[in-house]
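The structure under discussion appears below in the form of structure tokens.
Atoms considered below: every heavy atom in the structure, side chains included; atoms not considered: hydrogens, waters and symmetry mates. The first residue in the sequence is number 1, and the count goes up from there.
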Amino acid sequence: MPDSPEAPKSLRDPVLLEARRAMADAAHVRPLRAFARRIAAERNADVPDPDPLDGGVDARLLLLLETPGPSIGRTGFVSRDNATGTAANLFRFLNEAGIARRDTLIWNAVPWVIHAPGALNRAPRRSEAVAAAPYFAPLLALLPRLAVVVPAGRFAQAAASPLAELRPDLPLVPIPHPSPTYVCTSPSVRERILAGLTRAATHLGRAS
């Protein structure tokens with residue numbers, strides 16, 4: 001597997017993006033990619049692929065965001081390497097928390113694109129969280145090594161409630177959303193994100 005990028009937003013480089021796409025059907029992400037295709041067909045909407053530089057089905061930490069943003073159309077991946085402020089913050093926070101990339105899977109509580117083509121992203125609706133809930137069980141079935149779930153932001157935290165019923169043994173460690181708009185509101189937001197990810201990392205230590 002290629003070395004991980006050393007700086008955020010690397011997928012804005014067309015050469016690196018094509019290299020990542022060439023890895024998209026790697027064995028450790030193939031079942032998740034097929035699952036994404038299934039959701040896309042059922043919801044008649046685009047669903048981005050997992051990043052093949054992440055852990056795929058071997059992931060032990062599931063980082064749950066809200067819904068795919070407009071940048072997904074440019075890369076086709078849910079990735080910390082996308083050229084957005086949120087992805088760049090995730091890149092830095094996960095590194096600072098000392099969480100190995102191979103241990104992570106980044107997914108969305110509502111995994112399909114909800115905004116209209118060409119439009120800015122919008123906040124997901126409660127009805128969309130309800131529609132997405134049945135996909136958690138098959139997602140968990142694809143992640144046999146999962147040790148902790150980190151829902152980012154209020155919507156993801158509320159949408160993740162079915163996980164507690166499906167896997168009451170699975171720790172949920174909520175963090176604030178890593179959007180620059182929110183992170184910049186107060187220094188405490190950054191501190192809370194890092195504290196949560198550091199706490200999540202302790203669960204990885206216990207499960208290793």
If hydrophobic clusters are built by linking Ile, Leu, Val, Met, Phe, Trp and Tyr wherever their side-chain heavy atoms come under 4.5 Å apart, do [X] and [Y] end up in the same one?
X      : Y      : answer
Leu197 : Val183 : yes
Leu142 : Leu166 : yes
Ile114 : Leu139 : yes
Leu172 : Leu65  : no
Val110 : Leu64  : yes

Qualifying side-chain hydrogen bond (donor to acceptor under 3.5 Å, both in side chains) pairs with a residue from residues 43-53, counting only residues at least two apart or across chains
Arg20-Asp51, Arg33-Asp49, Arg37-Asp49, Asp51-Ser79, Asp51-Arg101
side-chain hydrogen bond (donor to acceptor under 3.5 Å, both in side chains) contacts touching residues 84-100 (sequence neighbours left out)
Glu96-Arg190
Steps toward side-chain contact (heavy atoms from CB on, under 4.5 Å) verdict (Leu140, Leu170)
CA-CA 11 Å; Leu140 290 177; Leu170 195 61; 4.2 Å; yes
Heavy-atom side-chain contact between [X] and [Y] under 4.5 Å:
X      : Y     : answer
Leu94  : Leu63 : yes
Asp81  : Thr75 : no
Tyr135 : Arg38 : yes

Non-hydrogen atoms of [X] and [Y] that approach each other most closely:
X      : Y      : answer
Ile193 : Pro178 : CD1-CA, 4.0 Å
Val29  : Pro52  : CG1-CA, 3.9 Å
Pro50  : Leu32  : CG-CB, 3.7 Å
Ile99  : Ala201 : CG1-CB, 4.0 Å
Thr181 : Thr185 : O-CG2, 3.2 Å
Leu53  : Pro5   : CD1-CD, 3.7 Å

Pairs where residues 136-181 contributes a residue and the test ring pair (Phe, Tyr, Trp, His ring centres under 6.0 Å) is met, not counting sequence neighbours:
none
Is there a donor-acceptor pair under 3.5 Å between the side chain of [X] and the backbone N or O of [Y]?
X      : Y      : result
His28  : Asp54  : yes
Asn82  : Phe77  : yes
Arg60  : Leu204 : yes
Gln157 : Ile175 : yes

Spacing of [X] atom [atom1] and [Y] atom [atom2] [to the nearest 0.5 Å]:
X      : Y      : atom1 : atom2 : answer
Leu11  : Glu18  : CG    : CD    : 10.5 Å
Leu143 : Leu105 : CG    : CG    : 6.0 Å
His203 : Leu146 : NE2   : CG    : 11.5 Å

Under the rule for side chain to side chain donor-acceptor pair (under 3.5 Å), what residues qualify as partners of Arg122, not counting sequence neighbours?
Glu128
Ala19: which residues meet the side-chain contact (heavy atoms from CB on, under 4.5 Å) condition with it, sequence neighbours left out?
none
Across all chains, not counting sequence neighbours, the side-chain contact (heavy atoms from CB on, under 4.5 Å) partners of Pro111 are Ile39, Val47, Trp107, Ala132
Counting only heavy atoms not in Arg21 (residues, nucleotides, ligands), do more than 12 fall under 6.0 Å from its CZ?
yes
Which residue, Asp58, Leu61, Val57, forms the side-chain contact (heavy atoms from CB on, under 4.5 Å) with Arg145?
Asp58
